[in-house]
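A quick write-up on the structure given underneath.
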Amino acid sequence: KAQNNPHFLFNTLNNLYYLAYTKSDNTTEVIAKLSQMMRYMIYDSNHSKVPLNKEIEYMENYISLERLRLNNQIPINFELRGNTENVFIAPLIFITFLENAFKHGVSNNNPNAWVNIAIELMGDQCIYQVENSKREESDPNEKSGIGLQNVQRRLELSYPDKHQLLMQDKQDRYVVKLNLTLT
C-alpha cells in the first residue's frame, strides 16, 4: 500500500494547483475524488478483503482524474458485467494494472491512445482485463517497477492457487487478464 504510485498523487496535486490557479469549476470535484481515494487507501484498504463496489469506486475516481489530466481527449472505456453485491476482494489488487495502462500506454500528445477496462463476474469467478494502446515513443531505460512484483506477490498470498495472470505485450497494445476465484 505504501508503494502505490506516488507519481499519480503528484500529478493530481499539480493538476489541482492548476485548476485552483485558473479558478476552474472542476477544482472542488477533483478535491472530493482525491479525498475519497486517499480515504480508501488509508482506512478501507487495511482490511484483508473489501467490497468489490468500493474497489470499483476507487478505480472510477482514478479514471476520472486521468480523464481530467488528459483533457478528455483519450477514449477510456470501463465495462462492468455481473452482480457485484456481496462480492469481496483483496484491496488495491487491480489498481497497479490500471496505473500501468496510463503510465506506459497513454500520452496526451497521442491522438490514437486508448484504454479499455473490464470486470466480469460469473459465479465465483472475477475476470479483470485491462488493454491499452502503446505509446509511440518509449523510454528504453523504463523498466517494470516494483508495482508488478508487489501485486504478483499479493496475488500469491491472497489467492493461492486461485488466480491466473496473463500479461501480453503485443505489437500494438498491452493486455492484462486476471482471473480470480473468489471462494
Residue pair Arg154 / Pro91, side-chain heavy-atom distance below 4.5 Å: yes
Drop me the distance from Met37's CE to Ser45's OG, to the nearest 0.5 angstrom. 11.5 Å
Run the salt bridge (charged side-chain N to carboxylate O under 4.0 Å, His left out) check on Glu156 and Arg153 step by step: do they pass? CA-CA 5 Å; Glu156 292 169 9; Arg153 181 68 180 137; 3.3 Å; yes
Take atom CD in Gln164; do more than 12 heavy atoms of anything else shown fall under 6.0 Å from it? no
Heavy-atom side-chain proximity of Ile119 to Phe94 below 4.5 angstrom: yes
Separation between CD of Glu99 and CG of Leu92, rounded to the nearest 0.5 Å: 9.0 Å
Please round to the nearest 0.5 Å and tell me the distance separating atom CG of Leu165 and atom CD of Gln152. 6.0 Å
Within a strict 4.5 Å, meaning less than it, do heavy atoms of the Leu180 and Leu155 side chains meet? yes
Could you tell me if Lys49 sits above the aromatic ring of Tyr159, with its cationic atom closer than 6.0 Å to the ring centre and no more than 45 degrees from the axis? yes
When you look at CG of Asp25, are more than 12 heavy atoms from neighbouring residues, nucleotides or ligands closer to it than 6.0 Å? no
Do the side-chain N and O atoms of Tyr40 and Gln36 include a donor-acceptor pair separated by under 3.5 angstrom? no
Going by heavy atoms in the side chains, are Leu182 and Leu121 under 4.5 Å from each other? yes
Please examine the side chains of Ile56 and Leu80, heavy atoms only from C-beta on, and report whether any two atoms are closer than 4.5 Å. yes
Taking a hydrophobic cluster as the set of Ile, Leu, Val, Met, Phe, Trp and Tyr residues connected by side-chain heavy atoms closer than 4.5 Å, whether directly or through intermediates, do Met41 and Val30 fall within one such cluster? yes
Test side chain to side chain contact (heavy atoms under 4.5 Å, CB included) on Leu70 and Phe102; report intermediate values, then the result. CA-CA 10 Å; Leu70 298 165; Phe102 286 97; 4.1 Å; yes
Closest non-hydrogen atoms of Lys170 and Lys134, given as atom of the first, atom of the second and distance, are O-NZ, 2.6 Å
Single-linkage hydrophobic cluster Tyr174~Leu178, side-chain heavy atoms < 4.5 angstrom: no
Quick check for you: to the nearest 0.5 Å, what is the distance between Tyr58 atom OH and Met38 atom CE? 9.0 Å
Identify whether Ile89 and Ile95 are in the same connected component of the hydrophobic contact network (ILVMFWY, side-chain heavy atoms under 4.5 Å). yes
Looking at every non-hydrogen atom in both residues, tell me the closest pair between Ile74 and Ala113 and how far apart they are. CG2-O, 3.4 Å
Are any side-chain N or O atoms of Ser133 and backbone N or O atoms of Trp114, one a donor and one an acceptor, separated by less than 3.5 Å? yes
Below 30° counts as parallel, above 60° as perpendicular, anything between as tilted: where do the rings of Phe97 and Tyr128 land? tilted
Measuring only between side-chain heavy atoms, which start at C-beta, is Ile76 closer than 4.5 Å to Val106? no
Linking I/L/V/M/F/W/Y whenever their side-chain heavy atoms sit closer than 4.5 Å, directly or via other members, would Val175 and Leu148 fall into one cluster? no
Hey, what do you get for OG1 (Thr96) to NZ (Lys103), rounding to the nearest 0.5 Å? 10.5 Å
Exceeds 12 heavy-atom contacts within 6.0 angstrom, atom CG of Asp161: no
Give the C-alpha distance, both sets of side-chain angles, the deciding distance and a yes or no for side chain to side chain contact (heavy atoms under 4.5 Å, CB included) between Ile63 and Leu98. CA-CA 9 Å; Ile63 292 166; Leu98 186 58; 4.0 Å; yes
Might you confirm whether atom NZ of Lys54 has over 12 heavy atoms from other residues, nucleotides or ligands at distances under 6.0 Å? no
Any idea which heavy atoms bring Asn132 and Gly105 closest together, and the distance? ND2-CA, 3.3 Å
Take Glu131 and Val115 through the test side chain to side chain contact (heavy atoms under 4.5 Å, CB included) and record every step on the way to the result. CA-CA 6 Å; Glu131 283 188 79; Val115 178; over 6 Å; no
Are Tyr62 and Ile31 connected in the hydrophobic side-chain network, where two residues link if heavy atoms are under 4.5 Å apart? yes
Answer whether the closest heavy-atom distance between the side chains of Asn14 and Tyr18 falls below 4.5 Å. no
Say you draw a straight line from CG of Asn77 to CG of Asn116; how long is it, rounded to the nearest 0.5 Å? 4.5 Å
Consider only side-chain N and O atoms of Thr84 and Asn53, and report whether a donor and an acceptor are under 3.5 Å apart. yes
